[in-house]
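As the structure is a prediction and not an experimental result, all values here were calculated from the model. Read the numbers this way: they start at 1 and go in the same order the structure lists the ligands and their atoms. Quick note: numbers below take in every heavy atom, side chains included, and nothing from hydrogens, waters or symmetry partners.
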Amino acid sequence: QAKVAGKNCHRFYSRAMDQAVERRVHLEHELRGAWDRGELSLAYQPVFRVSDGVMVGAEALLRWMHPTQGLIAPSVFIDVAEQCGLIETLGPQVLRAACFDAVAWHRSRGGDPLFVSVNVSPRQLRHGDLPEVVADCLRDSGLTAQCLHLELTETAVIGDETHASALLSKLRETGVKVWLDDFGTGFSGLSHLRRVPVDGVKIDRSFIADILRDPDDLALTTAIIALAHSQGITVVAEGVEKEGQYELLRERDCDLAQGYWLGHPVPMAEFQALLCPA
Ligand code: C2E
Ligand code: MG
Ligand code: MG
Ligand code: MG
């Protein structure tokens with residue numbers, strides 16, 4: 001009996017696995033032409049200075065409007081793009097579009113230019129000619145280097161820290177700012193800040209989520225802010241969903257914040273309208 005069940009079980013799992021692989025291959029195939037078909041676009045989520053609530057920039061977040069499946073989240077397709085290598089063409093396209101969009105914001109609004117923050121995948125960092133790509137995008141769009149922020153996750157720099165550090169230094173020399181994204185979720189944690197040259201860290205939203213209730217998360221957030229500041233590093237809090245979280249972050253001297261309470265990611269046109277209300 002058990003043996004039969006085990007056998008069936010095995011068969012069931014392998015069929016489920018086949019289906020998963022098939023779906024993935026299919027997704028990969030569709031993703032290949034998605035940019036050219038105009039199915040991919042960038043949404044922008046505003047980033048605010050905590051001390052006075054002024055909007056200072058926005059993060060570019062990729063969206064895939066699939067013709068039959070509707071909106072597909074980046075958590076579903078970025079991994080696919082990363083694993084099949086498609087990110088190496090997609091990444092530079094995103095970077096370029098974001099630079100041009102940021103120049104358009106400045107044209108329509110004037111005042112202090114907003115920064116645009118672009119997520120860069122580990123693979124772009126490892127295989128790409130990132131400094132050249134960045135330089136091309138800046139030159140062609142006319143965006144000031146200081147207005148471009150690159151967000152890297154810890155996994156992108158772990159393993160090959162010498163290579164990563166050299167690359168990051170090269171990028172930072174041009175004036176581009178480098179941020180460590182989802183900070184606190186990786187293995188290395190705070191010790192990393194001493195070895196990898198970055199301009200800022202983005203505290204992962206899983207920590208911000210509970211700072212009102214969990215003293216440990218608040219303590220950790222406070223410690224990250226203090227340590228970062230002691231090294232001249234800027235701190236962004238991600239995933240601010242409540243006013244109370246924002247107040248607490250202001251009390252703890254956090255520099256920048258983003259989250260649903262402050263503003264959702266919105267399409268370019270909507271973001272533009274936000275900058276220049278009619
Ligand atoms: P991330 O860079 O950490 O981006 C923040 C994510 O948190 C975004 O999800 C954003 O919509 C979401 N978020 C913002 N505020 C809140 C909040 O208050 N509460 C909650 N629950 N969530 C909030 P999204 O857009 O689904 O992106 C997911 C991840 O996909 C990003 O995480 C980033 O790692 C990756 N990603 C997005 N666009 C790109 C891209 O162009 N290139 C690469 N390589 N990765 C990208
Ligand atoms: Mg990010
Ligand atoms: Mg993040
Ligand atoms: Mg994330």
Side-chain angles (χ1 to χ4, degrees), residues 31 34-35 39-48 55 57-65 70-102 115-128 130 133-134 137 148-157 177-186 198-212 221 224 234-246 249 256-268 270-271:
L31 190 55
W35 181 274
E39 293 166 13
L40 292 168
S41 64
L42 292 175
Y44 291 100
Q45 183 176 36
V47 178
F48 297 84
M55 191 202 296
E59 177 174 8
L61 295 160
L62 202 53
R63 297 288 177 260
W64 184 7
M65 188 48 92
L71 199 65
I72 303 183
S75 54
V76 175
F77 67 84
I78 288 290
D79 269 5
V80 176
E82 170 88 21
Q83 276 162 35
C84 72
L86 191 57
I87 199 76
E88 285 173 43
T89 51
L90 206 51
Q93 286 167 321
V94 165
L95 197 61
R96 173 166 289 265
C99 288
F100 274 89
D101 283 350
F115 67 75
V116 67
S117 203
V118 179
N119 293 285
V120 172
S121 92
R123 187 148 177 168
Q124 281 175 272
L125 198 65
R126 261 180 278 123
H127 299 278
L130 196 59
V133 170
V134 165
C137 290
L148 179 61
H149 296 186
L150 302 178
E151 299 191 5
L152 311 165
T153 54
E154 283 174 274
T155 44
V157 290
K177 300 214 182 309
V178 175
W179 296 84
L180 219 45
D181 203 355
D182 301 340
F183 190 73
T185 57
V198 295
D199 299 281
V201 293
K202 301 187 76 168
I203 305 179
D204 192 69
R205 68 165 186 267
S206 58
F207 294 104
I208 305 304
D210 264 352
I211 52 171
L212 290 172
T221 298
I224 292 174
T234 304
V235 184
V236 190
E238 291 188 315
V240 176
E241 295 183 350
K242 297 189 190 93
E243 184 172 11
Q245 293 166 330
Y246 185 81
L249 288 163
L256 307 176
Q258 66 189 99
Y260 294 163
W261 184 71
L262 295 157
H264 283 259
V266 292
M268 169 65 175
E270 218 173 299
F271 186 74

Trainee: Measure Pro265 to ligand 1 on non-hydrogen atoms and call it side chain, backbone, both or neither using the 4.0 Å cut-off.
Mentor: side chain
Trainee: List-wise, which protein N, O or S atoms are found short of 2.8 Å from the Mg ion (ligand 2)?
Mentor: Glu59 OE2, Asn119 OD1, Glu151 OE1, Asp181 OD2
Trainee: Could you tell me whether Val118 approaches ligand 1 through its side chain, its backbone, both or neither, with non-hydrogen atoms closer than 4.0 Å?
Mentor: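 Near ligand 1, Val118 shows nothing, with every heavy atom at 4.0 Å or more.
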Trainee: What distance do Asp101 atom CG and Ser41 atom OG have between them, rounded to the nearest 0.5 Å?
Mentor: 10.0 Å
Trainee: Indicate yes or no: does an N/O atom of Arg63 lie under 3.5 Å from an N/O atom of ligand 1?
Mentor: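 N/O-N/O distance below 3.5 Å exists for this pair.
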Trainee: With a heavy-atom distance limit of 4.0 Å, tell me whether Leu61 approaches ligand 1 through its side chain, its backbone, both, or neither.
Mentor: both
Trainee: How many angstroms lie between CG in Leu61 and CD in Glu151, if you round to the nearest 0.5 Å?
Mentor: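 Between Leu61 CG and Glu151 CD, I get 8.0 Å after rounding to 0.5 Å.
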Trainee: Output yes when the distance from some N or O of ligand 1 to some N or O of Leu62 is under 3.5 Å, and no in every other case.
Mentor: yes
Trainee: Please work out which of Lys202, Gln124, Gln93, Glu241 has its closest non-hydrogen atom nearest to atom 21 (N) of ligand 1.
Mentor: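 Comparing heavy atoms across Lys202, Gln124, Gln93, Glu241, the nearest one to atom 21 (N) of ligand 1 lies in Glu241.
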Trainee: Is there a polar contact between ligand 1 and Glu238, counting only N or O atoms under 3.5 Å apart?
Mentor: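 Yes: some nitrogen or oxygen of Glu238 is under 3.5 Å from one in ligand 1.
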Trainee: Mind checking the CD-CG spacing from Glu243 to Leu212? Nearest 0.5 Å is all I need.
Mentor: 11.0 Å
Trainee: Pick whichever of Leu42, Asn119, Val76 has a heavy atom sitting closest to atom 33 (C) of ligand 1.
Mentor: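 The nearest heavy atom belongs to Asn119.
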Trainee: Identify the heavy atoms of Ser206 and Thr185 that sit nearest to each other, and give their distance.
Mentor: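 Scanning both residues completely, I find the closest heavy atoms to be OG-CG2, 4.1 Å.
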Trainee: If you measure from CG on Leu31 to CG on Leu40, what distance do you get to the nearest 0.5 Å?
Mentor: 6.0 Å
Trainee: Where does the angle between the aromatic ring planes of Phe77 and Trp64 fall among parallel (under 30°), tilted (30 to 60°) and perpendicular (over 60°)?
Mentor: perpendicular
Trainee: If you measure every N/O of Gln45 against every N/O of ligand 1, is any gap under 3.5 Å?
Mentor: yes
Trainee: Does Gln258 come within less than 4.0 Å of ligand 1, judged by its heavy atoms?
Mentor: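 No, that is not the case, since the closest heavy atom of the residue is not under 4.0 Å from the ligand.
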Trainee: State if Glu59 counts as touching ligand 1 under the rule of any non-hydrogen atom under 4.0 Å.
Mentor: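 Yes; Glu59 lies near enough to ligand 1 that a heavy-atom distance drops under 4.0 Å.
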